[in-house]
Amino acid sequence: MTRILVTGATGNIGRMTLQHLLKRVPASDLVGLARDPAKAADLAAKGIEIRQGDYFDHEGLVRAFAGIGKVMLVSATAFTDRNTQHENVINAAKQAGVGHIVFMPIIQKAGSGFHMPQVTEEDRFVEKSLKASGLIYTLVRHPPFLENIENYAGGAPLEKGVLAPVGTGKAAYASREDLAEAHAVVLSEDGHAYKDYALYGGPAVSFADIAQILSDISGKAVPFNVLSEQDYVAQLMAQGLPEPAAAFILTWAQGVNAGEWDGESGDLEKLLGRKPTTPAEYLRAGHAPRRLETET
């Protein structure tokens, strides 16, 4: 069995991907990369080898990739010179003899002019670099995460209603758990070389739909209130977010309203062998009736 290394092992997606891989391959075939291996002690306790590595340290990455056949490149955090980090990973993987890289860019519609700072152009840079590298690659494109759906809807929709900029577009959100499981399938099976998957969840929902879902779950009317973009950012800041973070969330809301992620490829369902988690299922699980009773 080819040894598989997942970068970002202490983050949400990296950790979940390794946990799903454990269900499919022996722990001895798995390696996690972490800047601070001590933070991955739980994974090490399950038999996964944890290697130290930093995207900015090319030589350290070459050492970390020794004996590895496949690498899951978890995207670097926005606003941290992503191009340098991702290029270091690709070049180090090639130098170390890695054969296959799986990368998780954001879904970008063909011909779309939508731009997210530190996301869209940087993802295109990785795709171009992978295609020029000579390595086998697989792209597992992500929509927005279900875990962020309430943040995009204003941060506290049950208390304040759904607050969002004007627009009627929809997004087919997917959960990190479902995406990580799909990563594990791609990493542990043959037949995914040079594939380009769009891992839409579904069904696609608008901000008005989110308000209706929360109304159905809670048994009380959850209004949908349209805000100016300036007021949207201001109300996120009022919840404690710094202005750059609030402005970044605004770009996600703009993308939702533009219908940037409203597709329906079926790729995620095919990889999982089941229907992915829906927005209604996710929101219902997060708002159990007992909790709702204390909020009304």
Side-chain angles (χ1 to χ4, degrees), residues 7-8 11-14 55-56 72-91 101-133 135 137-149 151-153 164-176 179-180 182-183 186 194-202 204-207 229 232-233 236 241-265 267-268:
T7 71
N12 287 319
I13 287 289
Y55 286 175
F56 284 112
M72 174 78 210
L73 172 51
V74 175
S75 298
T77 304
F79 305 102
T80 58
D81 190 2
R82 297 177 73 222
N83 284 355
T84 295
Q85 295 179 81
H86 293 153
E87 188 169 42
N88 280 343
V89 172
I90 293 167
N91 290 340
I101 290 183
V102 178
F103 178 61
M104 43 173 276
I106 191 173
I107 292 172
Q108 298 180 41
K109 280 190 173 180
S112 171
F114 180 72
H115 173 75
M116 289 193 69
Q118 286 287 309
V119 177
T120 49
E121 290 303 320
E122 288 74 9
D123 281 356
R124 291 190 183 107
F125 175 84
V126 177
E127 292 178 40
K128 183 177 179 181
S129 297
L130 283 172
K131 291 172 183 177
S133 71
L135 296 168
Y137 63 87
T138 306
L139 301 176
V140 284
R141 299 183 188 275
H142 286 189
F145 297 138
L146 267 176
E147 289 81 355
N148 290 332
I149 195 169
N151 288 333
Y152 301 151
V166 64
T168 58
K170 299 186 177 189
Y173 300 86
S175 73
R176 289 191 183 100
L179 293 168
H183 297 169
V186 169
Y194 305 110
K195 294 293 181 66
D196 189 336
Y197 296 114
L199 303 183
Y200 293 106
V205 291
S206 65
F207 289 114
E229 292 185 351
Y232 179 79
V233 170
L236 290 172
L241 285 179
E243 185 173 6
F248 190 53
I249 289 178
L250 171 62
T251 64
W252 287 96
Q254 291 169 331
V256 171
N257 281 332
E260 186 68 16
W261 304 293
D262 63 359
E264 190 178 341
S265 70
D267 288 345
L268 182 57

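Every value quoted in this text rests on a predicted model; they were computed, and no experiment measured them.
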Check side chain to side chain contact (heavy atoms under 4.5 Å, CB included) between Phe56 and all other residues, then give those that pass, not counting sequence neighbours.
-> Asp54, Asp81, Thr84, Gln85
Met104 and Leu73 have their tightest heavy-atom pair at CG-O, 3.6 Å
Those residues at least two apart in sequence (or on a different chain) that pass side-chain hydrogen bond (donor to acceptor under 3.5 Å, both in side chains) with Glu264 are none
Which residues satisfy the side chain to side chain contact (heavy atoms under 4.5 Å, CB included) test with Glu243, sequence neighbours excluded?
-> Met237
Just by modelled atom types, is the Thr120 backbone N or O under 3.5 Å from a matching donor or acceptor in the His115 side chain?
-> no
What's the spacing between Leu241 CG and Ile249 CD1 if we round to 0.5 Å?
-> 5.0 Å
Taking the side chain as every heavy atom from C-beta outward, state whether Tyr173 and Pro143 have any pair of such atoms under 4.5 Å apart.
-> no
Step-by-step salt bridge (charged side-chain N to carboxylate O under 4.0 Å, His left out) determination, Glu121 to Arg124 | CA-CA 5 Å; Glu121 290 303 320; Arg124 291 190 183 107; 2.7 Å; yes
The side-chain contact (heavy atoms from CB on, under 4.5 Å) partner of Tyr55 among Asn88, Thr80, Val89 is Val89
For Gln118, enumerate each residue passing the side chain to side chain contact (heavy atoms under 4.5 Å, CB included) test, keeping only those at least two apart in sequence or located in another chain.
-> Ala78, Phe79, Arg82, Glu122
Would you name the heavy atoms of Ala174 and Leu199 that are closest together and state the gap between them?
-> CB-O, 3.8 Å
Looking at Ser133 and Leu130, what are the two nearest heavy atoms and their distance?
-> OG-O, 2.7 Å
Taken to the nearest 0.5 Å, the spacing of Ser75 OG from Ile106 CD1 works out to 9.5 Å
Just how far is it from atom CG of Leu179 to atom CZ of Arg141, taken to the nearest 0.5 Å?
-> 14.0 Å
Using a 4.5 Å cut-off on heavy atoms from C-beta on, say whether the side chain of Thr251 contacts that of Val119.
-> no
Hey, are the side chains of Leu268 and Tyr197 touching, using non-hydrogen atoms and a 4.5 Å cut-off?
-> no
For residues 253-262, which side-chain N or O atoms pair as donor and acceptor with protein atoms under 3.5 Å away, sequence neighbours left out?
| unit_1 | atom_1 | unit_2 | atom_2 | d |
| --- | --- | --- | --- | --- |
| Gln254 | NE2 | Glu229 | OE1 | 3.3 |
| Gln254 | NE2 | Glu229 | OE2 | 3.0 |
| Asn257 | ND2 | Pro165 | O | 3.1 |
| Asn257 | ND2 | Val166 | O | 3.2 |
| Glu260 | OE1 | Ser112 | OG | 2.8 |
| Glu260 | OE2 | Lys109 | N | 3.4 |
| Glu260 | OE2 | Ser112 | OG | 3.1 |
| Trp261 | NE1 | Ile107 | O | 3.1 |
| Asp262 | OD1 | Lys109 | NZ | 2.6 |

Minimum heavy-atom distance Ile13-Val74, with the two atoms named | CG2-CG2, 4.4 Å
Backbone N/O of Phe145 and side chain of Ser175: donor-acceptor pair under 3.5 Å = no
Does Gln108 reach the side chain of Met116, with side-chain heavy atoms less than 4.5 Å apart?
-> no
Backbone of Tyr152 reached by a side-chain donor or acceptor of Tyr232 within 3.5 Å = yes
By side chain to side chain contact (heavy atoms under 4.5 Å, CB included), Ser129 pairs with (sequence neighbours left out) Ile90, Phe125
Just by modelled atom types, is the Val102 backbone N or O under 3.5 Å from a matching donor or acceptor in the Thr138 side chain?
-> no
Under 6.0 Å between the ring centres of Tyr137 and Tyr194?
-> yes
